Amino acid sequence: MERSIRCWDCGREVDDPYFDSCPSCNGLLEVVLDLEPVKELRPSDLASRPLGVWRYQPFLPVNPDLAVSLQEGGTPLYRCMNLAPELGVRELHVKYEGANPTGSFKDRGMTVGITRAREIGADMVGCASTGNTSASLAAYAAKAGMGCVVLLPEGKVALGKLAQAMFYGAKVVSIEGNFDDALRTVRELAEKRFLYLLNSINPFRPEGQKSVLFEIMDQLYYDVPDRIVLPVGNAGNISAVHKALKELVEVGWIERMPMLTGIQASGSMPLVEAFDRGSKDFTAESAPETLATAIRIGNPVSGRKALEAIYSTGGHALPVTDEEILAAQMELGRREGVGVEPASAASIAGLRRLIEEGIVDRDEKVVCICTGNALKDPEVMISQCDRPVKSRATAESVMDLVR
Ligand code: F0G
């Protein structure tokens, strides 16, 4: 596969794999693929491979012979027959990313990122994380036999994610400060070549994350939905989905794009604020706060890419409160049997608001990407539920209690 790494801002080609931004203008990097050979293919040519990230190898810029995989992707797309009429929309699908090997969408980018690390011969990888990236990286580093360092904002990582990073053997460092401070620090470590950085600022990560969009299209038989709604934190995912859409248009597999709609927590919404001003750039927030700790980010690295994704598809950016997030999380669990973590429920909470505000047409076909598993944050789940009731071990006693 012919490809280059280029600056998204000035177009300069960048060779050094340890650079995470453009040496000329400090801009964001991206992989540019030569898709000419893919134009010869149709989606059905890939259909004999299992659904998952590596089905889409013609769109991936790494050597598949070196692939480090935990069989990521291939997650369900649930049609929500109970919730759709309740929210007031014609067709609602939930892409359930909690079914990935470490329980979040991060595994899609990580299989490609760690394969790239193997290609360049890295033996130490690292990231800053609100939790899920660290859980994912720790698992893939274990599989690849690499050392792994993860920097987490002190006291602000959900229990399940912290447990995973420790369990898979990463060196876990608790940083005094928030995610943005942790990211700045780990970038310094990468600059010193102490580790190979696997945050989504690494352009190989979004390449794997494109696969969530490819799968949605396959699962909908290439009937393009009207809108895709997703939570936005560091803004890697929405940018990756947009890149995937642009590539599918380029190879002629789709003709139009869904409206990309990003949801942020109201205590942590620099991109919503930029969108409301009609601005292509955003102002970082210094003290982001939300119980959806996965998206507690004030200075999203790919924020400008995200704004372009939203503007160029006619989408939207909207905030939701923590209360709305919790209500949506419960609703999805109790009406559809789908357990997602708070940040993921932001997409459902956002959809409800979009419908109420008349931004989403009731005739739309909508896909919400639910990025992580409910078990990631057991404390938030439990805090919303009744405690178990105690009973003697007799049928009568149980019937009395639960009647
Ligand atoms: N949902 C979940 C469950 C996440 O963990 C994240 C990001 C997002 C949504 C937002 O995605 O950053 O691509 O806009 N989590 C990162 C982490 C920041 O460190 O795990 P994004």
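Remember, predicted model here, so these are calculated numbers, not experimental data. Scope of the values below: all heavy atoms of this structure, side chains included, with no hydrogens, waters or symmetry mates.
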Might you work through the side-chain contact (heavy atoms from CB on, under 4.5 Å) test for Leu245 and Leu260, ending with a clear yes or no? CA-CA 10 Å; Leu245 287 167; Leu260 292 181; 4.0 Å; yes

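- With sequence neighbours left out, Ser200 forms a side chain to side chain donor-acceptor pair (under 3.5 Å) with no residue at all.
- Taken to the nearest 0.5 Å, the OG1 atom of Thr290 stands 11.0 Å off from the CD1 atom of Ile297.
- Using a 4.5 Å heavy-atom cutoff, the side chains of Ile348 and Leu83 are in contact.
- Inter-residue side-chain proximity for Arg6 and Cys22 is flagged as unmet; no heavy-atom pair is nearer than 4.5 Å.
- With a 4.5 Å cut-off on side-chain heavy atoms, Leu60 and Trp54 count as touching.
- No side-chain N or O of Thr130 forms a donor-acceptor pair with one of Lys156 less than 3.5 Å apart.
- A salt bridge does not link Asp226 with Lys365: none of the charged nitrogens is closer than 4.0 Å to a carboxylate oxygen.
- Between Leu318 atom CG and Leu354 atom CG the span is 5.0 Å, to the nearest 0.5 Å.
- One distance of note links CZ of Phe204 with CZ of Arg3; it measures 4.0 Å at 0.5 Å rounding.
- Heavy-atom contacts from other residues, nucleotides or ligands closer than 6.0 Å to CD of Gln384 number more than 12.
- The residues Asp400 and Arg392 are annotated as not salt-bridged, no charged nitrogen and carboxylate oxygen being separated by less than 4.0 angstrom.
- For Glu308 and Lys305, the salt-bridge test fails: no basic side-chain N is under 4.0 Å from an acidic carboxylate O.
- With respect to the salt-bridge test (charged N to carboxylate O, under 4.0 angstrom), the residues Arg184 and Asp181 qualify.
- Between Lys95 and Ile228 there is no side-chain heavy-atom pair separated by less than 4.5 Å.
- The aromatic rings of Tyr196 and Tyr18 lie perpendicular to each other, with more than 60° between the two planes, well past the 30° mark.
- Applying the salt bridge (charged side-chain N to carboxylate O under 4.0 Å, His left out) test to Asp123 and every residue at least two apart in sequence or in another chain returns nothing.
- Between Ile295 and Ser268, the closest side-chain pair of non-hydrogen atoms is not below 4.5 Å.
- Remark: Glu357 CD is packed, more than 12 non-hydrogen atoms of other residues, nucleotides or ligands lying under 6.0 Å away.
- Distance alone, capped at 3.5 Å, is enough to place a donor-acceptor pair between the Glu119 side chain and the Asn63 backbone.
- A salt bridge links Glu289 and Arg296; the closest N-O separation between the charged side-chain nitrogens and carboxylate oxygens is under 4.0 Å.
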Indicate every side-chain donor-acceptor pair of residues 248-258 with a distance under 3.5 Å to a residue at least two apart or in another chain.
unit_1 : atom_1 : unit_2 : atom_2 : d
Trp253 : NE1    : Leu41  : O      : 3.0
Arg256 : NH2    : Val224 : O      : 2.9

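- Sorted by first and then second residue, the pairs that involve residues 371-380 and meet side-chain hydrogen bond (donor to acceptor under 3.5 Å, both in side chains), not counting sequence neighbours, are Tyr96-Asn373, Asn132-Lys376, Gln164-Lys376, Ser344-Thr371.
- The closest donor-acceptor contact from the side chain of Glu72 to the backbone of Pro101 lies at 3.5 Å or more, if one exists at all.
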Stepwise salt bridge (charged side-chain N to carboxylate O under 4.0 Å, His left out) test for Asp361 and Arg227: CA-CA 10 Å; Asp361 193 283; Arg227 188 180 298 272; over 6 Å; no

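- Taking 4.0 Å as the cut-off between side-chain N and carboxylate O, Arg352 and Glu324 do not count as a salt-bridged pair.
- A pairwise comparison of heavy atoms in Val272 and Gln264 identifies N-OE1, 3.3 Å as the closest pair.
- Considering every non-hydrogen atom in both Ser302 and Leu28, the closest pair reads CA-CD1, 4.4 Å.
- Contact between Leu291 and Pro342 at its shortest, heavy atoms only, is CD1-CB, 4.0 Å.
- Looking at Glu285, its side chain does come within 3.5 Å of a backbone N or O of Met269 through a donor-acceptor pair.
- Between Thr111 and Val53, the shortest heavy-atom distance links the atoms CG2-CG1, 3.9 Å.
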Would you check, one step at a time, whether the test side-chain contact (heavy atoms from CB on, under 4.5 Å) holds for Gln209 with Val241? CA-CA 7 Å; Gln209 286 177 208; Val241 167; over 6 Å; no

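- At least one donor-acceptor pair under 3.5 Å links the side chain of Ser211 to the backbone N or O of Gly208.
- Ion pair Lys39/Glu36 flagged as a salt bridge, since at least one NZ, NE, NH1 or NH2 atom sits closer than 4.0 Å to an Asp/Glu carboxylate oxygen.
- Between Val301 and Asn199 there is no side-chain heavy-atom pair separated by less than 4.5 Å.
- Not one N or O on the side chain of Thr261 forms a donor-acceptor pair closer than 3.5 Å with the backbone of Gly315.
- Within a 6.0 Å radius of NZ in Lys143, other residues, nucleotides and ligands contribute 12 heavy atoms or fewer.
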Please walk me through it: do Ser136 and Thr102 pass side-chain contact (heavy atoms from CB on, under 4.5 Å)? CA-CA 6 Å; Ser136 183; Thr102 76; 3.8 Å; yes

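- A distance of 9.5 Å separates OH of Tyr222 from OG of Ser44, quoted to the nearest 0.5 Å.
- Once rounded to the nearest 0.5 Å, the distance linking CZ of Phe179 with CG of Leu183 reads 4.5 Å.
- Counting heavy-atom neighbours within 6.0 Å of Met330 CE, excluding the residue itself, gives a total above 12.
- Not counting sequence neighbours, His93 has no partner by the ring pair (Phe, Tyr, Trp, His ring centres under 6.0 Å) test.
- Other residues, nucleotides and ligands place no more than 12 heavy atoms under 6.0 Å from the CD atom of Gln71.
- A salt bridge links Arg277 with Glu273: the closest approach of a Lys/Arg side-chain nitrogen to an acidic carboxylate oxygen falls below 4.0 angstrom.
- Of the possible donor and acceptor atoms, none in the side chain of Gln329 sits under 3.5 Å from a partner among the backbone N and O of Met381.
- With respect to the salt-bridge test (charged N to carboxylate O, under 4.0 angstrom), the residues Glu97 and Arg108 qualify.
- A pairwise comparison of heavy atoms in Ala117 and Val125 identifies CB-CG1, 4.0 Å as the closest pair.
- A 4.5 Å side-chain heavy-atom check between Leu92 and Cys368 finds at least one atom pair inside the cut-off.
- Open room surrounds CZ on Phe194; 12 or fewer heavy atoms of other groups in view lie less than 6.0 Å from it.
- With sequence neighbours left out, the ring pair (Phe, Tyr, Trp, His ring centres under 6.0 Å) criterion links Phe275 to Tyr311, His316.
- Under the 4.0 Å criterion applied to side-chain N and carboxylate O atoms, Glu247 and Lys243 are assigned as salt-bridge partners.
- Side chain of Asn299 to backbone of Ala284: no donor-acceptor contact under 3.5 angstrom is found.
- Considering CD1 of Ile201 and OG of Ser21, their distance stands at 6.0 Å, rounded to 0.5 Å.
- Residues Val338 and Cys370 fail the side-chain proximity criterion, which asks for heavy atoms closer than 4.5 Å.
- A salt bridge does not link Arg116 to Glu207: none of the charged nitrogens lies less than 4.0 Å from a carboxylate oxygen.
- Residue Leu307 comes nearest to Ala274 through the heavy atom pair CD1-CB, 3.9 Å, listed as atom of the first residue, atom of the second, then distance.
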